[in-house]
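Heads up: the structure comes next, in structure tokens.
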Amino acid sequence: MIRLSQYFLPTVKEDPAEAQIVSHKLMLRAGMIRQASAGIYSWLPLGLRVLKKVEKIVREEQDVAGAQEILMPTIQSAELWKESGRYNGYGKEMLRILDRHQREMLYGPTNEELITDIFRQTLRSYKDLPKILYHIQWKFRDEVRPRFGVMRGREFLMKDSYSFDIDKIRARQSYNRMFVSYLRTFAKLGLRAIPMQADTGPIGGNLSHEFIILAETGESEVFCDKKYLNFDPLAEKLTYENNLEKIVERWTSEYAATDEKHIVAKEKELGSSLLHARGIEVGHIFYFGKKYSKAMGVTIAGPKEEPIIPEMGSYGIGVSRLVGAIIEASHDHAGIIWPDTVSPFSCGILNLRINDQNCCKTCEDLAIKLEKCGHEVLYDDRDETAGNKFAVMDLVGLPWQIVVGPRGLKNGVVELKRRDTGERNELSIDSIIEKLSPKN
Ligand code: ATP
Ligand code: MG
């Protein structure tokens with residue numbers, strides 16, 4: 001159990017002037033992050049707990065999809081980027097660094113070159129493929145307009161995967177695998193992401209989807225068929241034993257495109273079924289064939305020793321952006337409403353009378369029992385008013401709140417509140433444990 005009286009949780013009552021959108025305001029107010037410099041943030045304990053939970057779900061879903069985790073460095077040599085031709089192409093978004101020997105280095109904005117180099121140094125035969133490798137690492141892009149907190153940072157955490165296959169057909173299978181893995185990942189995070197046809201930008205290639213969360217504050221302009229609003233990933237069997245192509249076909253069967261890929265004629269065709277909206281890009285997948293493998297001279301031996309240039313794809317998820325995106329999708333006037341899967345703690349206990357022995361003992365017993373059945377507990381044992389305790393608990397948005405006060409205890413009950421519905425019930429300690437125990 002974490003005692004709030006000792007926890008580093010610098011909450012703020014008023015909306016900070018520097019924040020324009022609700023997720024940024026709430027992240028600052030809930031003491032999750034502090035700005036270090038433009039677009040660069042420190043993560044404080046509460047924020048870091050959420051970031052780690054998001055990261056964990058992303059990792060688990062990559063692992064079940066068969067991707068293998070590695071860790072590449074943040075700092076890369078310019079040499080590799082000269083080989084691919086992107087050193088000049090990437091422009092001012094790339095942070096360039098000179099080391100003490102005047103060697104050109106850079107802080108990686110993405111890792112296609114580095115992973116291709118690892119591949120070229122290690123794999124020799126078609127028997128080594130397919131491979132999907134990923135890492136979760138900080139990236140730096142010197143964005144023209146860093147804004148909205150962690151949504152458009154300059155330094156941000158990304159999960160990026162890279163697939164290697166011997167031909168186009170298999171490369172498409174890897175693409176489908178990651179597509180399905182993204183549907184599963186975002187659903188687990190409590191989000192509704194719509195895959196939309198997307199531009200490939202400086203990564204290059206010709207097949208690409210962005211996964212978009214609809215939100216008024218989103219920076220992407222998107223167009224899609226309203227039918228997508230009824231697509232529910234949780235209601236479908238998104239498993240790898242199923243026909244992945246079928247799943248992808250279904251999820252791309254209706255019109256959905258980002259503004260760069262939008263076909264104006266579709267507006268008339270779809271009529272009132274067209275949704276023209278704004279959204280947050282939380283993931284982006286690309287198939288780009290031999291773009292990097294060819295430029296960097298990668299070949300492996302085929303079944304008849306013939307040289308094969310591997311087909312590649314890359315697949316990104318904005319891990320730190322997701323923390324903001326989840327808040328944009330789930331909050332109210334009082335604060336954040338965390339989905340259970342990413343909440344920094346699963347329940348909060350509010351002690352309304354810290355100098356009452358019975359209240360203290362009840363709270364501590366309750367915390368221990370809850371932890372025994374897998375809960376993570378934040379215990380508000382501060383010398384503060386009840387009003388302040390309610391406000392902070394609503395602000396930090398834990399799914400369950402348990403309010404312990406002398407009046408209820410006289411009747412042997414405490415109050416259980418569900419943050420998302422606001423539903424409150426007076427229950428005995430035993431019934432609370434029963435209700436909050438995992439059901440299986
Ligand atoms: P955007 O269009 O938002 O600038 P991008 O298309 O340049 O993003 P990708 O190269 O596709 O980004 O990166 C993969 C993922 O990383 C994106 O889908 C997004 O979720 C995240 N991401 C990209 N840029 C940033 C940023 N500046 N801050 C936070 N997350 C980012
Ligand atoms: Mg993108």
Salt bridge (Lys or Arg N to Asp or Glu O under 4.0 Å) involving [X] - partner list, sequence neighbours excluded:
X: E281; result: none
X: D199; result: none
X: D167; result: R170
X: K56; result: E60

Apply side chain to side chain donor-acceptor pair (under 3.5 Å) to [X] and list each qualifying residue two or more places apart in sequence or on a separate chain.
X: S220; value: none
X: E219; value: R147, R152
X: T239; value: N242

For [X], side chain to side chain contact (heavy atoms under 4.5 Å, CB included) partners two or more places apart:
X: L44; value: F8, P10, R34
X: R250; value: F231, E236
X: E79; value: S77, K82
X: R192; value: D232

**Report entry** Any donor-acceptor pair under 3.5 Å from R321 side chain to V282 backbone
**Finding:** no
Query raised in the report: In this structure, which one of F156, W81, W138, F140 forms a ring-ring contact (aromatic ring centres under 6.0 Å, His included) with Y107?
Result: F140
Requested in this report: Scan residues 333-346 for pairs that pass side chain to side chain donor-acceptor pair (under 3.5 Å), counting only residues two or more places apart or in two chains.
Outcome: D340-R418, S346-H375
